[in-house]
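Just so it is clear: chains get the letters A, B, ... in the order the sequence lines come, proteins before strands, and each one is counted from 1.
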Protein chains: 2
Amino acid sequence: MTPAQPTPDSTSSPARPSTIQDVAREAGVSRAAVSKVIRNAYGVSDRMRTQVEAAIERLQYRPRVAARAMRGASFTLGFEIPQVGNDFLTMIVDGATEALATTPYQLIIAPLGRDQKGDVAINSLADRQVDGIVAISPRVDPAWLERIAERTPVVMIGRHDRSDRYDTITGDDRSGAEQVMSHLVGLGHRRITHLTIHPSRPEPPWAGQAGDEPHVVRTAVYRERMHALGLEPTVVHTLFDGSEARTATRALLDSPEPPTAIFAGNDTLAIGVLSAVAEAGLDARDVAVVGYDDVPIARHPLVSLTSVDQSGAAMGREAARLLLERLEGRTEAVRLEIATELRARRSSAELSRLPGP
Amino acid sequence: MTPAQPTPDSTSSPARPSTIQDVAREAGVSRAAVSKVIRNAYGVSDRMRTQVEAAIERLQYRPRVAARAMRGASFTLGFEIPQVGNDFLTMIVDGATEALATTPYQLIIAPLGRDQKGDVAINSLADRQVDGIVAISPRVDPAWLERIAERTPVVMIGRHDRSDRYDTITGDDRSGAEQVMSHLVGLGHRRITHLTIHPSRPEPPWAGQAGDEPHVVRTAVYRERMHALGLEPTVVHTLFDGSEARTATRALLDSPEPPTAIFAGNDTLAIGVLSAVAEAGLDARDVAVVGYDDVPIARHPLVSLTSVDQSGAAMGREAARLLLERLEGRTEAVRLEIATELRARRSSAELSRLPGP
DNA sequence: TGGAATCGCTGAAAGGATTCATCGGCGGAG
DNA sequence: CTCCGCCGATGAATCCTTTCAGCGATTCCA
């Protein structure tokens, strides 16, 4: 053994964590050899592998991600999510975490602060040289995102746009919204109000593609179906966090001709709607409520919210898979569309007090 | 100008992102000078600052975090959270995100995969050289955590242990549980069952300090209060995700002497309990239910779950603040305890069918 | 007015891993 | 027996930023 031991004083200064150099010395091989072993790269003999692995174990070596990222990969995939508390997004993250469990990749999430735009978080992930990015904010500039995607694989979840540079995963919002409308109309509803989040404001410069956003698609389908039935569509816009949904619903219920059904753009809003309905002493017999996303709480018997399942977990799994594919060399863009399924529950089941046709 | 321009071909290869070197050249100063400007460090003239900032703007320069982390800081704080979907943890993250909005620090979250232990995620954050770590998993080895904390500031949320190396933030679990028990007993309940998560299994090597875990403290208080009243405590253990809470509750309700009140160790469990209660066609008049954490859905009128507010957002804010303090040089450990407040709601409000005393 | 301290800025070294060109040894083909 | 090619392994170059010692010029104090 060489006298250059890893400084046996463990009391005063916090012992320097070992580096690839230390491992190489301990195993009696070169740094490059150790590097190949930890990356599972080609060209290492069994004997060397076991030697190096033993040295790694003895020295408790862990590669520094920052140093790896300087030349190679960071083995990190980044999720940009606009709202930490949103259960639908949570399902997506869960799915991806699951899919990555058996890979050397670690998932990190960059949450958005209130009033922060998605590009801040995406930039921040890019600065950290993650090997791939999953973006969910539908309102970042596609052109800008393509520039990011030139350097780092990107999967955009939710937005129906078409890009040659990044992959997209969407739910089938058109069919999902159709299912909702058929369901409500089938129950006999005519005064159906649609409640959704505010459109981008101020209008973004790429506004021509606003129809890409999932909520906008759902709203469009709502309008089409109402018109087709000769009914007047009523669309109410609120903030995305559900607080405004409650007050907006209260106003609707107090109006001279209150709706008999409310189609909310997502479950967060629908939960807010249900608050107002319950607080007004009403229930599904007075106002049917339908949401979108089928978050876990929707199936709780006290809530029992009719919703559209677009399988967030599958979206997350697929997003992870698409990124891994890109990292393995795929270059053509892929577009995935996830099928939707209506989960009819009590919030839209009973119709006793519906006005006659 | 030197002929070594930054390669004007912008069509074929994705233009190399500019580095601090490019900025230095563009501004006609040294790399070190640029570095000082972007770090807001001491010793730069106004003239130079404006020059450099203009160059940064022109070149769209963004510092590479990996390279910064090699010698300096990564300006990243890491959250290890055991369950992405847990609303209480979400509140903590939200609070921290808020607190960091005005700082140059970015928050990243390392989620745990199913069946993964907290130390995996904490290690992964340490490998990424985050400047500080917030850990929430109560079941990592304290000694191991102290070793991490030698190198990176750590705040442990939830666990009541005492460390000289890392800071801790806890709710006042003792007082919170007391409030719950006083509330239930005050309503006249005697057959009170406590439902909580499984204790660590197998028993961890540092089991002597198991009493540190918040759930264990709450359970201990429950037992004490029951004994003080001459009542037999009943404790049921389930998985942490609420699925088992439902089935366990069903079994309780089917037992010969069903409880008149259930004190759940947290709101996730309580929501599961409420499922079973509702599915059995019962409500608060039959079984009072109390949770812990006061997650947002608890106040929903359809749920209206009595719970203990321990201000998750404040915990997150404080965690961020403690880390920033450490980064500014504080070395003594800090322990913070957040006061609790009982939020009595309908799930424990009505007692009509309570058996007489 | 001389010397010291301060200020603004610079060049070079450092940090830990990967990548690339290269090299010695060995087996197989001619 | 010789030559070619492949395999396993290595040393050096590289990635981008911060840090540190140092340098000239200015200011301050005696």
Side-chain angles (χ1 to χ4, degrees), chain A residues 6 15-53 55-56 59-76 104 126-131 151-152 327, chain B residues 6-7 14 16-53 55-56 59-76 104 126-129 131 151-152 327:
Chain A
R16 178 182 58 81
S18 42
T19 72
I20 201 173
Q21 180 69 275
D22 301 329
V23 176
R25 187 168 25 227
E26 172 84 11
V29 298
S30 72
R31 287 206 306 271
V34 178
S35 175
K36 287 204 274 192
V37 169
I38 61 181
R39 284 177 299 118
N40 246 314
Y42 176 79
V44 344
S45 62
D46 284 351
R47 205 176 63 85
M48 192 177 78
R49 174 178 304 283
T50 50
Q51 252 178 54
V52 169
E53 280 171 349
I56 287 178
L59 267 50
Q60 298 260 54
Y61 167 73
R62 297 185 62 93
R64 228 80 90 243
V65 172
R68 308 184 88 167
M70 293 282 304
R71 278 190 75 73
S74 64
F75 295 99
T76 308
D127 294 343
R128 280 168 182 72
Q129 279 159 280
V130 294
D131 298 332
R151 203 168 310 292
T152 308
L327 294 173
Chain B
T7 334
R16 177 182 58 81
S18 42
T19 71
I20 202 172
Q21 179 69 275
D22 301 328
V23 176
R25 187 167 27 228
E26 172 84 9
V29 298
S30 71
R31 290 205 305 269
V34 178
S35 175
K36 287 205 273 191
V37 168
I38 62 181
R39 283 177 298 118
N40 248 312
Y42 177 79
V44 342
S45 62
D46 285 352
R47 205 175 63 85
M48 189 176 79
R49 174 177 304 281
T50 50
Q51 252 179 55
V52 169
E53 280 171 350
I56 288 177
L59 268 51
Q60 299 258 54
Y61 167 72
R62 297 186 61 92
R64 229 79 91 241
V65 172
R68 307 185 88 167
M70 292 281 306
R71 280 191 75 73
S74 64
F75 294 99
T76 309
D127 294 343
R128 278 163 184 75
Q129 280 159 279
D131 297 333
R151 203 167 312 293
T152 307
L327 293 174

Point to revise | Minimum heavy-atom distance B:Arg49-B:Ala41, with the two atoms named | key: NH2-O, 4.5 Å
Exercise for review: Select base, sugar-phosphate, or nothing to describe what B:Val29 touches, counting heavy atoms under 4.0 Å on all strands.
Suggested key: sugar-phosphate
Point to revise | Check: B:Val29 and B:Lys36 side chains under 4.5 Å, non-hydrogen atoms | key: no
Exercise for review: May I have the distance from A:Ile20 (atom CD1) to C:dA17 (atom P), rounded to whole angstrom?
Suggested key: 5 Å
Exercise for review: Record whether the side chain of B:Arg68 comes under 3.5 Å of the base of D:dT17 through a donor-acceptor pair of N or O atoms.
Suggested key: no
Exercise for review: Determine: side-chain N/O of A:Tyr61 to OP1/OP2 of C:dA17, distance under 4.0 Å, yes or no.
Suggested key: yes
Check your understanding: Whole Å only: how far is the CG atom of A:Asp127 from the P atom of D:dT17?
Key -> 10 Å
Practice item. Tell whether A:Arg71 reaches the base of C:dT19 with its side chain through a donor-acceptor pair below 3.5 angstrom. Key: no
Review point. CG of A:Leu59 versus P of C:dA17: gap in Å, rounded?
Key: 12 Å
Check your understanding: Atom NZ of A:Lys36 to atom P of C:dG16: distance rounded to whole Å?
Key -> 22 Å
**Study point:** Euclidean distance, atom CZ of residue B:Arg31 to atom P of D:dT17 [Å, nearest integer]
**Key:** 9 Å
Review point. If only side-chain N and O atoms of B:Arg39 are considered, is one of them under 4.0 Å from the OP1 or OP2 phosphate oxygen of D:dT17?
Key: no
Check your understanding: If you check the A:Tyr42 side chain, which of D:dA9, D:dC20, D:dC7 turns out closest?
Key -> D:dC7
Review point. With a 3.5 Å cut-off and no angle check, do the side chains of B:Arg31 and B:Ser35 form a donor-acceptor pair?
Key: no
Exercise for review: Let me know the distance between CZ of A:Arg64 and C1' of C:dT18, rounded to the nearest Å.
Suggested key: 15 Å
Point to revise | D:dA9 OP1/OP2 closer than 4.0 Å to side-chain N/O of A:Ser45 | key: yes
Point to revise | N or O in side chain of B:Ser35 less than 4.0 angstrom from D:dT18 OP1/OP2 | key: yes
Review point. Nearest 0.5 Å, what's the OG1-CD distance between B:Thr76 and B:Gln129?
Key: 10.0 Å
Point to revise | Nucleotide C:dG11, atom C1' - distance to CZ of B:Arg25 in whole Å | key: 16 Å
Practice item. Let me know, please, whether B:Met70 or B:Met48 comes out on the 5' side of the other along DNA chain C by nearest nucleotide. Key: B:Met48
Review point. Base, sugar-phosphate, or nothing for B:Val44, non-hydrogen atoms under 4.0 angstrom?
Key: sugar-phosphate
Exercise for review: Could you check how far CZ of A:Arg16 sits from C1' of C:dG15, rounded to whole Å?
Suggested key: 11 Å
Check your understanding: Can we say A:Asp22 and A:Arg25 salt-bridge, meaning some charged N sits less than 4.0 Å from an Asp/Glu carboxylate O?
Key -> yes
Check your understanding: Which is true for A:Phe75 with a 4.0 Å heavy-atom rule: it touches a base, it touches only sugar-phosphate, or it touches nothing?
Key -> nothing
Review point. Taking OP1 and OP2 of C:dT10, is either one under 4.0 Å from a side-chain nitrogen or oxygen of B:Ser30?
Key: yes
